[in-house]
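In what follows, a structure is listed as structure tokens, so that the remarks can point back to it.
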Amino acid sequence: MPAYVISEVTVLDEEQADAYRELAAASIEKHGGRYLSRGRRPDAVEGAWPDEARLIIVEFPDLDAARRWYDSPEYAEALALRATAIDRRLLFVDGGSGGGGDRGGGA
């Protein structure tokens, strides 16, 4: 079942961020991932969303593939730039249909 890597990103250095994006995109593709949304500002209908923050959603075939990507030598090169390029919150989410494990008060 698919898994998603979701990032809330704020750019710190545009030049470094461009280099990070290029390396990250190549590593994502190599590990079977694909962008569903890249660098968009969401419409926050509930709660606050920082004006400068952008949303990225990447789909992988499963959580194992997402973790292999994150731990890969290809992505390590991008990670070396991350601290100076972007500030982010990064989440891994299993895309399986909700069974008894959901505890949130979602839609």
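Here the structure is a predicted model, which is why all the values come from computation and not from measurement.
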Inset, instruction - Answer yes if I6 and I28 sit in the same cluster of Ile, Leu, Val, Met, Phe, Trp and Tyr residues linked by side chain heavy atoms under 4.5 Å apart, and no otherwise. - result: no
Inset, instruction - For residues A78 and L23, report the shortest heavy-atom separation together with the two atoms involved. - result: CB-CB, 3.8 Å
Inset, instruction - Begin from the C-alpha positions of D64 and R67 and carry the test salt bridge (Lys or Arg N to Asp or Glu O under 4.0 Å) through to its verdict. - result: CA-CA 5 Å; D64 287 340; R67 292 184 196 289; 5.4 Å; no
Inset, instruction - Would you name the heavy atoms of R54 and G39 that are closest together and state the gap between them? - result: CD-O, 3.4 Å
Inset, instruction - State plainly whether one hydrophobic cluster holds both L90 and I56, where clusters connect Ile, Leu, Val, Met, Phe, Trp and Tyr through side-chain heavy atoms under 4.5 angstrom apart. - result: yes
Legend entry - More than 12 heavy atoms from other groups under 6.0 Å of CD on E77: no
Legend entry - Inter- and intrachain pairs under ring-ring contact (aromatic ring centres under 6.0 Å, His included), touching residues 43-68, at least two apart: F60-W69
Legend entry - Closest heavy-atom pair and its distance - Y20, A85: CB-CB, 4.2 Å
Legend entry - From E22 atom CD to L81 atom CG, the distance as rounded to the nearest 0.5 Å: 10.5 Å
Inset, instruction - Output, in order, the C-alpha distance, side-chain angles, deciding distance and verdict of salt bridge (Lys or Arg N to Asp or Glu O under 4.0 Å) for R68 and E74. - result: CA-CA 10 Å; R68 281 191 304 273; E74 297 85 13; over 6 Å; no
Inset, instruction - Taking atom OH of Y70 as the centre, report whether more than 12 heavy atoms of other residues, nucleotides or ligands fall under 6.0 Å from it. - result: no
Legend entry - Same apolar cluster: L79 and F92, side chain cutoff 4.5 Å: yes
Inset, instruction - Kindly indicate whether the side chain of V11, heavy atoms from C-beta on, has any atom under 4.5 Å from the side chain of E52. - result: no
Inset, instruction - Assess whether atom CZ of R38 is packed by more than 12 heavy atoms of other residues, nucleotides or ligands within 6.0 Å. - result: yes
Legend entry - Spacing of CD1 belonging to I86 relative to CD belonging to Q16, to within rounding of 0.5 Å: 11.0 Å
Legend entry - Pairwise distance OH(Y75) to CZ(R82) - rounded to 0.5 angstrom: 7.5 Å
Legend entry - L55 side, atom CG; D43 side, atom CG - distance, nearest 0.5 Å: 12.0 Å
Legend entry - Test log, rule side chain to side chain contact (heavy atoms under 4.5 Å, CB included), inputs E8 and L91: CA-CA 9 Å; E8 174 192 330; L91 308 167; over 6 Å; no
Inset, instruction - Could you pull out the closest heavy-atom pair between G32 and P61, with the gap in Å? - result: O-CD, 3.4 Å
Legend entry - Single-linkage hydrophobic cluster, 4.5 Å side-chain cutoff, V58 and V93 together: no
Inset, instruction - May I have the step-by-step check of side chain to side chain contact (heavy atoms under 4.5 Å, CB included) for E59 and I57, ending in yes or no? - result: CA-CA 7 Å; E59 180 182 58; I57 303 171; over 6 Å; no
Inset, instruction - Return the minimal non-hydrogen interatomic distance between S72 and H31, and the atom names on each side. - result: CB-NE2, 3.3 Å
Legend entry - CA sep, side-chain torsions, deciding dist, call: R21, D18, side chain to side chain contact (heavy atoms under 4.5 Å, CB included): CA-CA 5 Å; R21 285 183 201 106; D18 286 343; 2.5 Å; yes
Legend entry - T84 and D13, any side-chain heavy atoms less than 4.5 Å apart: no
